[in-house]
Participant: 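The structure that follows is given in the form of structure tokens.
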Amino acid sequence: MKVVIALGGNAFNKPGEPINQDAHLKNIEAAAKIIQRIVQEGHQVVVTHGNGPQVGYFAELQRDSQAFKLDAINALTQGLLGYLIVSALDKALGRGRSAALVTRVEVDCSDPAFKTPTKYIGPIYSEEEAKKLGVMYGWQFKQDPRGGWRRVVPSPTPLRIVEIDIIKRLADAGYVVVAAGGGGIPVCENTGVEGVVDKDLASSLLAIEWKADLLIILTDVDGVYLNFKKPGQRKLDAVRVDELEKYYAEGHFPPGSMGPKVLAAINFIRNGGKRAAIGALEEGYEVFKGVRGTQIIP
Ligand code: ADP
Ligand code: MG
């Protein structure tokens with residue numbers, strides 16, 4: 001089977017851990033063991049990953065110089081995180097079985113997202129600090145539902161994976177390809193633009209364009225919930241796409257966290273995917289097997 005595995009932020013960083021190489025490597029080695037089990041069953045695998053904290057980290061580091069724009073910082077994190085993932089995959093699978101590909105995604109130059117930034121990047125600030133930085137650097141901040149204030153940047157809709165043919169060839173030949181990291185570098189008319197594409201939507205697009213069988217989205221929660229953290233909270237174990245569309249329209253899944261994951265799953269199934277699943281990284285293999293997480297079917 002052709003499987004796209006999307007790794008969330010917790011594949012690199014657990015809550016409270018600092019952003020650094022050792023922590024990232026330790027975490028990604030655990031994720032690589034899950035990928036190893038799937039690959040060793042003979043499946044073709046493309047791995048995608050998020051990069052919100054890392055993009056924010058490097059944007060912060062060079063906030064005075066602003067030497068590189070977000071598209072370039074995105075590329076930087078693809079190289080960095082891609083390198084760490086293939087290092088971990090080398091240990092799990094042996095050398096020469098995987099490669100990370102700097103990936104661009106085509107977006108619409110007039111996507112309304114450029115006018116309304118929604119994607120959180122970087123650290124959490126107090127309201128006071130956020131206001132100060134906003135004035136100093138022209139950054140926009142929003143209150144994060146998880147607490148504090150964070151920088152927000154535009155998150156345009158991905159329309160096409162620029163390197164899709166190359167990814168397909170490598171993946172179909174049995175290499176594990178790490179691609180579309182951080183949602184891919186957004187480009188319109190072959191020029192990079194300032195924004196961070198949602199990694200779940202880009203993963204779904206990649207899965208559709210590759211004609212994958214499965215889209216597995218691994219995150220820090222064990223599935224998709226209705227009335228999340230409210231009275232009447234209920235986990236969805238298996239759900240048909242039309243039911244999930246109804247729940248999505250009812251507003252159970254907020255933008256910037258569970259919303260894009262659910263939308264990614266819906267898009268994938270509506271475009272020929274056989275099964276999508278959303279679940280905890282720790283249970284990644286079981287989520288892949290269909291016995292944990294939330295399973296979304298046609
Ligand atoms: P990732 O880095 O893996 O993309 P996100 O933080 O973007 O992770 O999204 C996962 C988070 O979504 C969970 O930690 C959870 O707090 C939040 N969430 C919001 N609504 C829901 C919901 N309805 N069901 C499950 N989780 C939800
Ligand atoms: Mg996310």
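Each ligand, and each atom within it, is numbered from 1 in the order the structure gives. Any value given below was found using the heavy atoms of this structure, including those in side chains, with hydrogens, waters and symmetry copies removed.
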Participant: Out of H49, K261, Q233, who is nearest to atom 4 (O) of ligand 1 when you count heavy atoms only?
Facilitator: K261
Participant: Could you list the atoms of ligand 1 found under 4.0 angstrom from a heavy atom of T219?
Facilitator: 1 (P), 3 (O), 8 (O), 10 (C)
Participant: Using a strict cut-off of 4.0 Å, indicate which atoms of ligand 1 neighbour a heavy atom of G256.
Facilitator: 7 (O)
Participant: Is the number of heavy atoms from other residues, nucleotides or ligands under 6.0 Å of R150 CZ greater than 12?
Facilitator: yes
Participant: For H252, take its heavy atoms, then give the atoms of ligand 1 lying under 4.0 Å from any of them.
Facilitator: 23 (N)
Participant: Taking only heavy atoms of G8, which atoms of ligand 1 are found under 4.0 Å from at least one of them?
Facilitator: 1 (P), 2 (O), 3 (O)
Participant: Which of the atoms in ligand 1, numbered in the order shown and given with their element, are less than 4.0 Å from a heavy-atom of G9?
Facilitator: 1 (P), 2 (O), 3 (O)
Participant: Which of the numbered atoms in ligand 1 are under 4.0 angstrom from any heavy atom belonging to P254?
Facilitator: 19 (C), 20 (N)
Participant: Does this structure show an ion pair linking E60 with R63, if we count only N-O contacts that are shorter than 4.0 Å?
Facilitator: yes
Participant: Classify the ring geometry between H24 and F12 as parallel (under 30°), tilted (30 to 60°) or perpendicular (over 60°).
Facilitator: tilted
Participant: For Q21, which residues count as a side chain to side chain contact (heavy atoms under 4.5 Å, CB included) partner, sequence neighbours excluded?
Facilitator: Y83, L84
Participant: Can you check which of D220, V221, N13 brings a heavy atom nearest to atom 14 (O) of ligand 1?
Facilitator: D220
Participant: Does the side chain of L244 come within less than 4.5 Å of F253's, by heavy atoms?
Facilitator: yes
Participant: Is it true that a side-chain atom of E106 and a backbone atom of R160 form a donor plus acceptor pair closer than 3.5 Å?
Facilitator: no
Participant: Ligand 1 versus F253, non-hydrogen atoms closer than 4.0 Å: side chain, backbone, both, neither?
Facilitator: side chain
Participant: Near K199, which atoms of ligand 1 are under 4.0 Å from a heavy atom of that residue?
Facilitator: 4 (O)
Participant: For Q66, look at atom CD and say whether over 12 heavy atoms of other residues, nucleotides or ligands are found less than 6.0 Å away.
Facilitator: yes
Participant: Going by heavy atoms, is P260 under 4.0 Å from ligand 1?
Facilitator: no
Participant: Using modelled atom types and a 3.5 Å cut-off, is there a donor and acceptor pairing between side-chain atoms of E286 and backbone atoms of R292?
Facilitator: no
Participant: Any nitrogen or oxygen of D200, main chain or side chain, under 3.5 Å from a nitrogen or oxygen of ligand 1?
Facilitator: no
